[in-house]
Enquirer: 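What follows is a structure written as structure tokens; I'll ask about it next.
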There are 2 protein chains.
Amino acid sequence: MARIIIVEDDSWMREELIDILQKAGYEAAAITDFHDIAQQIAALAPDLVLLDINLPEQSGFDICRSLKSRGIGPILILTSRDKLQDELHGLHLGADDYLTKPCNRDRLLARIQNLLRRFESQPGWIDGGGFWLDPNTFTLYKGSQSLLLSANEGKILLALAQHRPEIVTKSTLSELLWGTDQYIDENALQVNLTRLRKTLRQLNLENQIETIRGQGYRLRG
Amino acid sequence: MARIIIVEDDSWMREELIDILQKAGYEAAAITDFHDIAQQIAALAPDLVLLDINLPEQSGFDICRSLKSRGIGPILILTSRDKLQDELHGLHLGADDYLTKPCNRDRLLARIQNLLRRFESQPGWIDGGGFWLDPNTFTLYKGSQSLLLSANEGKILLALAQHRPEIVTKSTLSELLWGTDQYIDENALQVNLTRLRKTLRQLNLENQIETIRGQGYRLRG
DNA sequence: TTTTTCCTTACACCATCTGTAAGTATTTTT
DNA sequence: AAAAATACTTACAGATGGTGTAAGGAAAAA
């Protein structure tokens, strides 16, 4: 059974977490000495780390990075809701998932289960049919070739790949790019589609994106 | 095994190079379509580019510059001209080393091995003292903040962090940026140092880089 | 003080990304 | 078949960011 190491300075919360996890069948333990945290965790070789981002001595972010630099993971970050926006949004700090406190028991277990499963066999790439897409860097792979997409190209293609082979409406894409489903200027979206198609053609990916007239687009396959 | 892409218009030479490299255990392939060369190479994501500077259609110099601007490298220039001016020109354009034709087999392989070692990508994060640096993406982390460095900034900071707290000479940095230890234009290096320091200041990292007068720079800590 | 070394700022060039505009092509409807 | 609606493409221009050059200022050493 998976071993989970908890880093949490609030002792009540700590005991609570250990209890929940052990009852769920995990091997759970907590760090109580907050010196050289990364070192300790590394020695314990956990299958998952539960890390509170608000620690007294050392920044949770630094610990997270230190762990990742040692190849340890996955890491599930615990944070209060108000700090989430500021600190975690769009940040590549190496954490694999995050959870806002106070946390619901079921949600916590779901996240952990998900994360453990993901870490077993998840390459971090999305299958687009005839190609692969790295959702973090927007790098497109086909065979031995690769290509870096622009931000707009990446967002569109990722949405299409995630919903493949279903239709993604134009208003959905519009909201993705400009944060509004107002969908005022449809031409801008079309231009971006043209550019994406042109880019795909560089890897000999022809006719991947199908137009559904009056609705939106979808990825073949 | 490392993938090497060859750009050489002389078909005999091309086959010869492929043969040598493949027998040496490399994955070697050549560009045969001399249209949009930089684009092709970029898509192939090579570990090293072997570039003949005398090409029929497009100037090898232009290709070299284009590749470097996309962060592709290292580049080993092949030249039959033995004009020193041209070669220095090439190196200053971003080539990482050069070789005169006709080339000795052993020397070619030695240069390649050397270059590949120099450009090996590293895993994980480098501890810079008050910050962390991702050596692959040149992302700078401090606490909850992160920042993407430019190519030059990243190269310099990475070198400093790797040798911390030792001194990195200016000629070393010059070679890192422009592929030559000639250290011709020291001002360009200083400007890049200024820019790096300014960028570090954005994360409240003051006085991290110390100047060792007459020698070079080093990272405090 | 004088000289050497280092730092900073402003400028110009280039590449990339992106939305706008205008015209073309395709499909649907009448 | 013609008209209308929808989708596509191309060219242009503004914005942004990275870079080397040039020139002058600042700091340290002689």
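Values reported hereafter were calculated over all heavy atoms of this structure, with side chains retained and with hydrogens, waters and symmetry mates removed. By convention in this document, chain letters (A, B, ...) are assigned in the order of the sequence lines, proteins followed by strands, and residues within each chain are numbered from 1.
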Enquirer: Expressed as a whole number of angstroms, how long is the span from A/I212:CD1 to C/dT27:C1'?
Expert: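 Nearest whole value for this atom pair: 14 Å.
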Enquirer: Distance check needed: D/dT19 P versus B/N152 CG, whole Å only.
Expert: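 Those two atoms, CG and P, are 4 Å apart.
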Enquirer: Can you tell me which nucleotide in C/dA21, C/dT4, D/dA7 comes closest to the side chain of A/K170?
Expert: D/dA7
Enquirer: Using atom CG of A/L147 as one end and atom C1' of C/dC17 as the other, report the distance to the nearest whole Å.
Expert: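 In whole Å, C/dC17 C1' lies 15 Å from A/L147 CG.
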Enquirer: Could you tell me whether the side chain of B/Y217 reaches within less than 4.5 Å of the side chain of B/T211, counting heavy atoms only?
Expert: yes
Enquirer: What is the separation between atom CG on B/L189 and atom C1' on C/dC6, rounded to the nearest whole Å?
Expert: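 These atoms are roughly 11 Å apart.
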Enquirer: Given C/dC17, is OP1 or OP2 found less than 4.0 Å from the side-chain N or O atoms of A/N192?
Expert: no
Enquirer: Would you say C/dT5 has OP1 or OP2 under 4.0 Å from some side-chain N or O of B/Y217?
Expert: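 No, outside the criterion.
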Enquirer: Are OP1 or OP2 of C/dT8 and a side-chain N or O of B/T194 less than 4.0 angstrom apart?
Expert: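 Yes, because at least one side-chain N or O of B/T194 sits under 4.0 Å from OP1 or OP2 of C/dT8.
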Enquirer: Output yes when at least one side-chain N/O atom of B/S150 is less than 4.0 Å from OP1 or OP2 of D/dT19, else no.
Expert: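 Result: yes.
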Enquirer: Would you indicate which nucleotide in D/dT19, C/dT18, D/dG20 comes nearest to any side-chain atom of B/A188?
Expert: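 Nearest to the side-chain atoms of B/A188, counting from C-beta on, is D/dG20.
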Enquirer: Under a 3.5 Å cutoff, is there a donor and acceptor pairing between the side chains of B/Q215 and B/T169?
Expert: no
Enquirer: Rounded to the nearest angstrom, tell me the gap between atom CD in B/Q190 and atom P in D/dG20.
Expert: 13 Å
Enquirer: Let me know the distance between CD1 of A/I167 and P of D/dA7, rounded to the nearest Å.
Expert: 12 Å
Enquirer: Mind calculating the distance between CD1 (A/I156) and C1' (C/dG19) to the nearest angstrom?
Expert: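 Distance check: A/I156 CD1 to C/dG19 C1' gives 13 Å.
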Enquirer: Taking only side-chain N and O atoms of B/W178, does any of them lie within less than 4.0 angstrom of OP1 or OP2 on D/dT19?
Expert: no
Enquirer: Between B/D19 and B/K23, is the salt bridge (charged side-chain N to carboxylate O under 4.0 Å, His left out) condition met? List the steps.
Expert: CA-CA 6 Å; B/D19 188 53; B/K23 279 180 179 165; 3.2 Å; yes
Enquirer: Check the pair B/R220 / B/E210 against salt bridge (charged side-chain N to carboxylate O under 4.0 Å, His left out), numbers first and verdict last.
Expert: CA-CA 7 Å; B/R220 287 210 164 81; B/E210 184 182 357; 3.8 Å; yes
Enquirer: Can you tell me how far NZ of B/K142 sits from CG of B/L200, rounded to the nearest 0.5 angstrom?
Expert: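 So the CG of B/L200 and the NZ of B/K142 are separated by 10.5 Å.
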Enquirer: Given side chains that start at C-beta, do those of A/I77 and A/D52 come closer than 4.5 Å, heavy atoms only?
Expert: no
Enquirer: Which nucleotide wins on minimum distance to the side chain of B/N187, given the candidates D/dA23, D/dT6, C/dT20?
Expert: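 The nucleotide sitting nearest to the side chain is D/dA23.
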Enquirer: Within residues 197-211 of chain B, find the residues that approach DNA chain C with a heavy atom at under 4.0 Å, and present them sorted by residue number.
Expert: B/R197, B/T211
Enquirer: Kindly determine whether B/I6 and B/I31 satisfy side chain to side chain contact (heavy atoms under 4.5 Å, CB included), including the steps that lead there.
Expert: CA-CA 6 Å; B/I6 298 162; B/I31 298 284; over 6 Å; no
Enquirer: Of the nucleotides C/dT20, D/dG20, D/dA27, which one has an atom closest to the side chain of A/R195?
Expert: C/dT20
Enquirer: D/dG18 P sits how many Å from B/L193 CG, rounded?
Expert: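 B/L193 atom CG is separated from D/dG18 atom P by 17 Å.
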